[in-house]
Amino acid sequence: MQNTAETGPDARIDTTPLLDDPYAALAALREAGPVHRIAGTDGQHAWLVTRYDDVRSALADPRLSLDKRHATPGNYRGFALPPALDANLLNMDPPDHTRIRRLVVKAFTPRRVEALRAPVRRIADDLLDAMAAKGRAELVADYAGPLPITVICDLLGIPAEHRRDFLAWSDALITPDPSRPEAMKHAIGAMLEFYTGLIAAKRAEPGDDLLSDLIAVRDDTVDGTEADRLSEDELTSLAFLILFAGYENTVQLIGNAVLALLDHPERLAALRRSPAELTTAVEEFLRYDGPAALAIRRFPVEDVEIGGVRIPAGESVLLSIASANRDPKRFPDPDRLDPTRELSGHLALGHGIHYCLGAPLARMEAETAIDALISRFPDLRLDVPRDEVHHRRTIRARGLISLPVAW
């Protein structure tokens with residue numbers, strides 16, 4: 001792999017190695033240079049930033065906008081979400097980002113999240129009860145997936161009968177099937193119909209849940225002096241984002257963490273002996289194989305220089321969280337799983353004003369889920385050869401397709 005800073009703006013790196021063996025491919029790119037022009041899976045080119053210091057600085061650089069309106073025409077199409085799902089925090093800069101984030105951040109404070117620990121543990125124990133008699137399970141479908149979807153749906157007040165549909169829609173967005181291009185369009189349409197109907201139902205009969213609270217914020221100010229606090233599209237988009245991100249990031253974190261422990265039985269044994277160390281271990285799971293391989297795409301509002309490479313305004317910039325968290329200049333021996341290492345500064349949950357809103361909840365869910373699992377099944381093991389365990393083929397996220405286990 002070549003450094004595009006040396007080979008010129010027309011040199012593009014194929015992303016196939018990033019799908020086949022991402023950490024090895026990223027290590028080669030990181031060594032070759034700080035910034036590379038890659039050919040994206042959508043046919044568009046982008047600039048990939050690989051080194052820790054550059055990624056961290058770029059995450060907090062106000063010149064790198066999340067708003068697609070700053071993209072060069074024809075450069076990036078995205079998911080083509082309708083406005084009612086697209087007006088979310090992942091596409092916004094201040095002041096809109098600041099205004100909307102302020103409305104929901106109180107739901108995810110460490111204090112409120114800690115109050116959810118006991119209910120989350122009950123959900124985990126119920127799922128493990130259902131698994132126990134079988135002697136084996138597909139951990140993503142039976143545990144790592146149902147736990148966060150149950151938690152976030154309970155938080156938003158979403159009825160249980162809709163959760164299976166949401167899982168299918170989520171998969172269609174994260175790992176679209178090239179042979180079924182209509183599947184993503186169908187998923188987007190179904191999600192829009194679902195959220196619109198859900199908000200209407202909550203308006204008619206509010207509940208003791210976060211979505212009802214957000215609807216009240218929207219409706220109570222629509223005729224007042226603060227009518228611009230939350231539009232209808234922003235309300236729908238915020239519900240979509242909380243559910244989508246709250247599920248996707250956590251299911252991937254739990255699955256990757258359990259696989260890492262099964263790959264390192266000495267670490268698994270140590271956590272069984274000292275479960276109090278799980279809080280620190282979760283930080284290492286996030287760094288070692290976190291759920292977000294890339295940060296949300298950025299678009300420079302002016303020409304910028306990153307790592308000595310000039311990137312024109314409007315072009316796509318991809319910040320590789322996965323590469324930054326394996327940069328040996330920041331984390332010695334980065335390919336080694338070591339929960340005892342000094343972990344301040346990993347970028348798995350972002351940095352700056354776009355730091356993950358649900359970070360406290362994701363951490364607590366992962367810690368609770370792993371503790372419950374390894375306590376219940378002390379002889380947990382893979383139920384298939386290791387080379388049959390595969391991650392999703394996407395450069396955006398890092399999550400398992402399945403994880404068959406036995407005990």
Worksheet item: Where the side chain of R267 meets the backbone of D338, is there a donor-acceptor pair that is under 3.5 Å apart?
Response: no
Item to complete: Indicate yes or no for a side-chain donor-acceptor contact from T109 to the backbone of V105 under 3.5 Å, with no hydrogens or angles considered.
Response: no
Discussion item. If you define the side chain from C-beta out and look only at heavy atoms, does anything of V251 sit under 4.5 Å from I149?
Written reply: no
Discussion item. So, applying side chain to side chain contact (heavy atoms under 4.5 Å, CB included) with V405, which one of L139, V384, D142, L373 is it?
Written reply: L139
Discussion item. I'd like to know if the side chain of D303 reaches the main chain of A313, judged simply by a donor and an acceptor atom lying under 3.5 Å from each other, with no hydrogens or angles considered.
Written reply: yes
Discussion item. For a quick test of reading the model, state the closest non-hydrogen atom pair linking L85 to S237 and the distance between them.
Written reply: C-OG, 3.1 Å
Fill in: Minimum side-chain heavy-atom gap E234-R218 below 4.5 Å
no
Worksheet item: Would Y143 and V258 satisfy side chain to side chain contact (heavy atoms under 4.5 Å, CB included), going step by step from the backbone distance to the final call?
Response: CA-CA 11 Å; Y143 187 64; V258 173; over 6 Å; no
Discussion item. Taking CZ in R386 as the centre, count heavy atoms belonging to other residues, nucleotides or ligands within less than 6.0 Å. Is the count above 12?
Written reply: yes
Worksheet item: Within the distance-only criterion (no hydrogens, no angle test), does the side chain of D67 pair as donor or acceptor with the backbone N or O of H70 below 3.5 angstrom?
Response: no
Practice prompt. Determine the minimum heavy-atom distance between P146 and V140, stating which atoms define it.
Written response: CD-O, 3.5 Å
Discussion item. Within the structure provided, determine whether V55 and T50 are in side-chain contact (heavy-atom separation under 4.5 Å).
Written reply: no
Discussion item. Can you give me the closest heavy-atom contact between F299 and G314, atom names plus distance?
Written reply: CD2-O, 4.0 Å
Discussion item. Other residues, nucleotides and ligands only: do more than 12 of their heavy atoms fall within 6.0 Å of CD on E205?
Written reply: no
Practice prompt. Run the salt-bridge test on E114 and R117 with the 4.0 Å N-O cut-off and return the result as yes or no.
Written response: yes
Fill in: L59 side chain near R298 side chain, heavy-atom distance below 4.5 Å
yes
Discussion item. Between E305 (side chain only) and R310 (backbone N and O only), is there a donor and an acceptor less than 3.5 Å apart?
Written reply: no
Worksheet, complete the sentence: Separation between CZ (R363) and CG (L278), nearest 0.5 Å, reads 14.0 Å
Discussion item. Would R297 and L318 count as a side chain to side chain contact (heavy atoms under 4.5 Å, CB included) here? Give the steps.
Written reply: CA-CA 5 Å; R297 189 180 301 248; L318 301 177; 4.0 Å; yes
Discussion item. Taking atom CG as the centre, does D208 end up with more than 12 heavy-atom neighbours from other residues, nucleotides or ligands that are less than 6.0 angstrom away?
Written reply: no
Worksheet item: Do D53 and D327 pass the side chain to side chain contact (heavy atoms under 4.5 Å, CB included) test, and can you show the C-alpha distance, the side-chain angles, and the key distance before you say yes or no?
Response: CA-CA 9 Å; D53 288 342; D327 189 338; over 6 Å; no
Worksheet entry | Atom pair CG/CG of D86 and L241 - distance to nearest 0.5 Å | 11.0 Å
Worksheet entry | Quiz item: cation-pi between R341 and F331, 6.0 Å / 45° | no
Discussion item. As an exercise, state the distance from CE of M92 to CD1 of I353, rounded to the nearest 0.5 Å.
Written reply: 12.0 Å
Practice prompt. Find the distance between CD (E248) and CG (L253) and round it off to the nearest 0.5 Å.
Written response: 12.5 Å
Discussion item. Just checking H186: does its NE2 atom have more than 12 heavy atoms from other residues, nucleotides or ligands closer to it than 6.0 angstrom?
Written reply: no
Worksheet item: Is a donor on one side and an acceptor on the other found under 3.5 Å between the side chain of Q252 and the backbone of P291?
Response: yes
Worksheet item: What are the two closest non-hydrogen atoms of A115 and P119, and how far apart are they?
Response: O-CD, 3.6 Å
Discussion item. Working note: D96 + R99, criterion salt bridge (charged side-chain N to carboxylate O under 4.0 Å, His left out); need CA distance, chi angles, decisive distance, verdict.
Written reply: CA-CA 5 Å; D96 287 335; R99 169 175 55 85; 2.9 Å; yes
Discussion item. So P404 and E388, do their side chains get closer than 4.5 Å, heavy atoms only?
Written reply: no
Item to complete: Please answer whether the main-chain N or O of N325 pairs with a side-chain N or O of R287 as donor and acceptor at a distance below 3.5 Å.
Response: yes
Worksheet item: Between L349 and Y355, does a side chain to side chain contact (heavy atoms under 4.5 Å, CB included) hold up when you go through it step by step?
Response: CA-CA 6 Å; L349 298 170; Y355 185 79; 3.8 Å; yes
Worksheet item: Less than 4.0 Å between a side-chain N and a carboxylate O, is that true for R121 and D125?
Response: yes
Item to complete: Examine distances only and state if a side-chain atom of H346 and a backbone atom of A348 form a donor-acceptor pair shorter than 3.5 Å.
Response: yes
Discussion item. Strictly distance-based, threshold 3.5 Å: is any side-chain N or O of D54 a donor or acceptor partner for the main-chain N or O of P34?
Written reply: no
Fill in: Sidechain-backbone polar pair: S170 side chain, F166 backbone, donor-acceptor under 3.5 Å
no
Fill in: Electrostatic pair R163-D154, nearest N-O below 4.0 angstrom
yes
Worksheet item: Do the non-hydrogen side-chain atoms of F285 and L337 ever get within less than 4.5 Å of each other?
Response: yes
Contacts under 3.5 angstrom, residues 193-200 side chains, donor-acceptor by atom type, not counting sequence neighbours:
residue, atom, partner, partner atom, Å
T196, OG1, L192, O, 2.8

Discussion item. Let me confirm one number: the OG-CZ distance from S323 to R51, rounded to the nearest 0.5 Å.
Written reply: 9.0 Å
Worksheet item: Are any non-hydrogen side-chain atoms of L214 and L238 less than 4.5 angstrom apart?
Response: yes
Worksheet item: Where do P334 and Y288 come nearest, in terms of heavy atoms and distance?
Response: O-CD1, 4.3 Å
Item to complete: For the residue pair R37 and E315, establish whether any side-chain heavy-atom pair is separated by less than 4.5 Å.
Response: yes
Worksheet item: Does NZ or CZ of R326 fall inside the cone over Y52's six-membered ring, less than 6.0 Å from its centre and within 45° of the axis?
Response: no
Worksheet, complete the sentence: In short, L319 meets A58 closest at the heavy-atom pair CD2-CB, 3.6 Å
Worksheet entry | CG on L347 to SG on C356, rounded to 0.5 Å | 13.0 Å
